[in-house]
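Since the structure comes first, as structure tokens, the remarks are kept for the end.
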Amino acid sequence: MADNSEDRSVLATVTAAYGRRMELELNDGRRVAARTRRRRLRVVCGDRVTAVSQSGDDDWIIDAIEPRCSELARTDSRGRREILVANLTALIVVAAPRPKPDWYMIDRMVGTAFLLGLRPILVFNKSDLVASDDAVLTEYAALPIERFTTNALSGDGLASLARRLRTEVAALLGQSGVGKSSLLNALVPSASEATGAMNESTDEGRHTTVAARQIQLPKGGRIIDAPGVRDFAPHIESMARVAVAFPEILAASAACRFTDCTHRSEPACAVRAGVDAGTIAERRYASYRRLFVITDQLINKRQPH
């Protein structure tokens with residue numbers, strides 16, 4: 001039960017979010033239950049908030065959100081911006097041989113890191129399974145993306161990944177079933193994350209994470225585990241920003257004849273010339289075109305009719 005001490009306001013970090021219900025980490029390391037005072041206050045995991053402990057109430061009350069340094073958001077089916085987590089420094093995208101990687105969606109997840117100015121880290125998990133994606137992984141090797149190969153069951157690659165994350169606050173993204181929860185359990189045995197068996201009939205993973213949680217790594221750093229997804233599109237405000245998600249396309253675009261080139265049909269396009277010359281991977285260019293179309297559709301949904 002709450003004590004009868006005087007009400008006090010403190011800064012705290014949101015370590016889990018379940019709608020209007022939250023878990024807070026106070027500056028002394030204690031984790032306490034909390035809720036928002038106002039229904040319109042949209043708090044997400046990773047937020048720094050002002051909260052008050054009130055006598056006679058077990059819950060701390062969240063009054064305000066501190067300014068965010070980053071917001072990981074996606075666009076929902078109606079074109080609206082949905083903030084998933086806040087205050088990240090890095091984005092970990094997990095892939096695996098099974099379920100079959102959707103590399104176009106993985107491109108969108110990795111591209112989100114570039115759009116937000118975060119450090120992108122690609123983790124290829126389940127290294128014990130036979131992979132047929134060497135060509136795609138080679139494409140990533142040419143990009144400013146850090147890469148790790150891991151096996152959550154055997155522990156291969158985990159020590160290197162843990163060292164890399166010591167100074168980061170990183171969100172963990174990936175398709176359902178790629179082993180995110182198992183990977184987190186291996187990095188933080190006390191996390192007690194639920195793991196799910198693969199659905200053999202559909203070859204897709206069952207969703208085992210139901211809310212975003214921030215977890216402290218034993219030797220430093222924090223991971224926010226977000227629910228698994230079967231589709232993902234970053235929220236992009238303007239069509240000109242789509243190329244930012246693809247650093248090789250953004251770099252090549254400086255040599256295009258037109259400053260507003262969309263790299264689809266304009267003459268003297270340096271990006272398409274790069275694809276023809278083999279300096280830009282055809283699959284990555286196709287991925288850019290897909291995101292361009294998706295973004296255009298979602299922006300149109302946001303426009304008043």
Side-chain angles (χ1 to χ4, degrees), residues 10-18 22-32 34 42-51 62 64-74 81-94 108-123 125 144-148 150 152 157-174 178-193 209-229 232 234-235 245:
V10 300
L11 285 176
T13 300
V14 178
T15 51
Y18 310 85
M22 314 290 159
E23 177 188 77
L24 300 182
E25 182 181 283
L26 307 180
N27 287 336
D28 61 8
R30 283 185 298 147
R31 297 203 174 193
V32 298
R42 302 298 185 186
V43 179
V44 298
C45 190
D47 268 330
R48 290 285 288 169
V49 298
T50 302
I62 299 173
I65 303 171
E66 294 293 295
R68 295 163 173 160
C69 66
S70 65
E71 295 176 338
L72 175 61
R74 66 181 175 185
R81 186 169 184 258
E82 179 187 4
I83 301 174
L84 303 176
V85 298
N87 298 322
L88 300 172
T89 61
L91 191 60
I92 305 169
V93 179
V94 184
R108 295 195 290 274
M109 291 178 177
V110 171
T112 299
F114 292 112
L115 287 162
L116 296 178
L118 305 177
R119 289 178 277 278
I121 299 172
L122 178 64
V123 175
N125 194 32
I145 301 169
E146 295 180 74
R147 300 169 309 285
F148 293 85
T150 61
L158 295 182
S160 296
L161 179 59
R163 283 194 298 271
R164 175 60 190 83
L165 298 176
R166 283 178 180 171
T167 60
E168 303 288 3
V169 177
L172 199 63
L173 282 183
V178 295
K180 298 193 315 300
S181 291
S182 295
L183 189 64
L184 188 55
N185 282 338
L187 288 168
V188 190
S190 61
S192 299
E193 288 289 302
T209 305
V210 295
R213 293 183 58 203
Q214 185 183 100
I215 297 170
Q216 177 75 48
L217 295 173
K219 295 185 178 180
R222 292 173 179 244
I223 289 180
I224 296 179
D225 186 22
V229 294
F232 179 87
H235 187 88

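In this chain, numbering begins with 1 at the start of the sequence shown. Note that the structure is predicted; figures quoted are calculated from it, not measured. Hydrogens, waters and symmetry mates play no part in the numbers below; they use all other heavy atoms, side chains included.
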* Asked: Is Thr112 close to Leu118 at the side-chain level, that is, under 4.5 Å between some pair of heavy atoms?
  ->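 The answer is no, as the side chains (C-beta and beyond) never meet within the 4.5 Å cut-off.
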* Would you call Arg81 and Glu71 a side-chain contact if the rule is heavy atoms closer than 4.5 Å? ->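 Yes - at least one pair of side-chain heavy atoms lies under 4.5 Å apart.
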* Where do Leu116 and Leu88 land on the side-chain contact (heavy atoms from CB on, under 4.5 Å) test, with the steps shown first? -> CA-CA 9 Å; Leu116 296 178; Leu88 300 172; 5.8 Å; no
Could you report the tightest heavy-atom contact between [X] and [Y], atom names first, then the distance?
X      : Y      : answer
Val188 : Pro218 : CG2-CD, 4.0 Å
Arg108 : Phe232 : NE-O, 2.6 Å
Phe114 : Ala245 : CD1-O, 3.8 Å
Ala17  : Cys45  : CB-N, 3.9 Å
Pro120 : Pro144 : CG-O, 3.7 Å
Leu24  : Ala51  : CD1-CB, 3.6 Å

Interatomic distance, [X] atom [atom1] to [Y] atom [atom2] [nearest 0.5 angstrom]:
X      : Y      : atom1 : atom2 : value
Ile215 : Thr15  : CD1   : OG1   : 9.5 Å
Glu82  : Leu72  : CD    : CG    : 10.0 Å
Ile121 : Leu173 : CD1   : CG    : 12.0 Å
Leu122 : Glu146 : CG    : CD    : 11.0 Å
Ile83  : Arg68  : CD1   : CZ    : 4.5 Å
Leu91  : Glu168 : CG    : CD    : 11.0 Å

* Asked: Can you list the steps and then say if Val94 with Leu172 is a side-chain contact (heavy atoms from CB on, under 4.5 Å)?
  -> CA-CA 7 Å; Val94 184; Leu172 199 63; 3.7 Å; yes
* When you look at Val93 and Val110, which way does the side-chain contact (heavy atoms from CB on, under 4.5 Å) test go after all the steps? -> CA-CA 7 Å; Val93 179; Val110 171; 3.9 Å; yes
* To do: Please name all residues satisfying side chain to side chain donor-acceptor pair (under 3.5 Å) with Arg42, sequence neighbours left out, ordered by chain then number.
  =>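 Here no residue qualifies.
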* **Arg222: side chain to side chain donor-acceptor pair (under 3.5 Å) partners, not counting sequence neighbours** =>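 So Arg222 forms a side chain to side chain donor-acceptor pair (under 3.5 Å) with Glu25, Gln214, Gln216.
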* Between the main-chain N or O of Gly46 and the side-chain N or O of Asn87, is there a donor-acceptor pair closer than 3.5 Å? ->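 At least one qualifying donor-acceptor pair exists.
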* Is Asp47 reaching over with its side chain to a backbone N or O of Val14, donor-acceptor style, under 3.5 angstrom? ->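 Checked: no pair found.
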* Under the salt bridge (charged side-chain N to carboxylate O under 4.0 Å, His left out) test, residues paired with Arg48 that sit two or more places apart ->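 Arg48: no salt bridge (charged side-chain N to carboxylate O under 4.0 Å, His left out) contacts found.
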* Asked: Between Ile92 and Leu165, is a side-chain contact (heavy atoms from CB on, under 4.5 Å) present by the stated rule, with each step listed?
  -> CA-CA 10 Å; Ile92 305 169; Leu165 298 176; 3.8 Å; yes
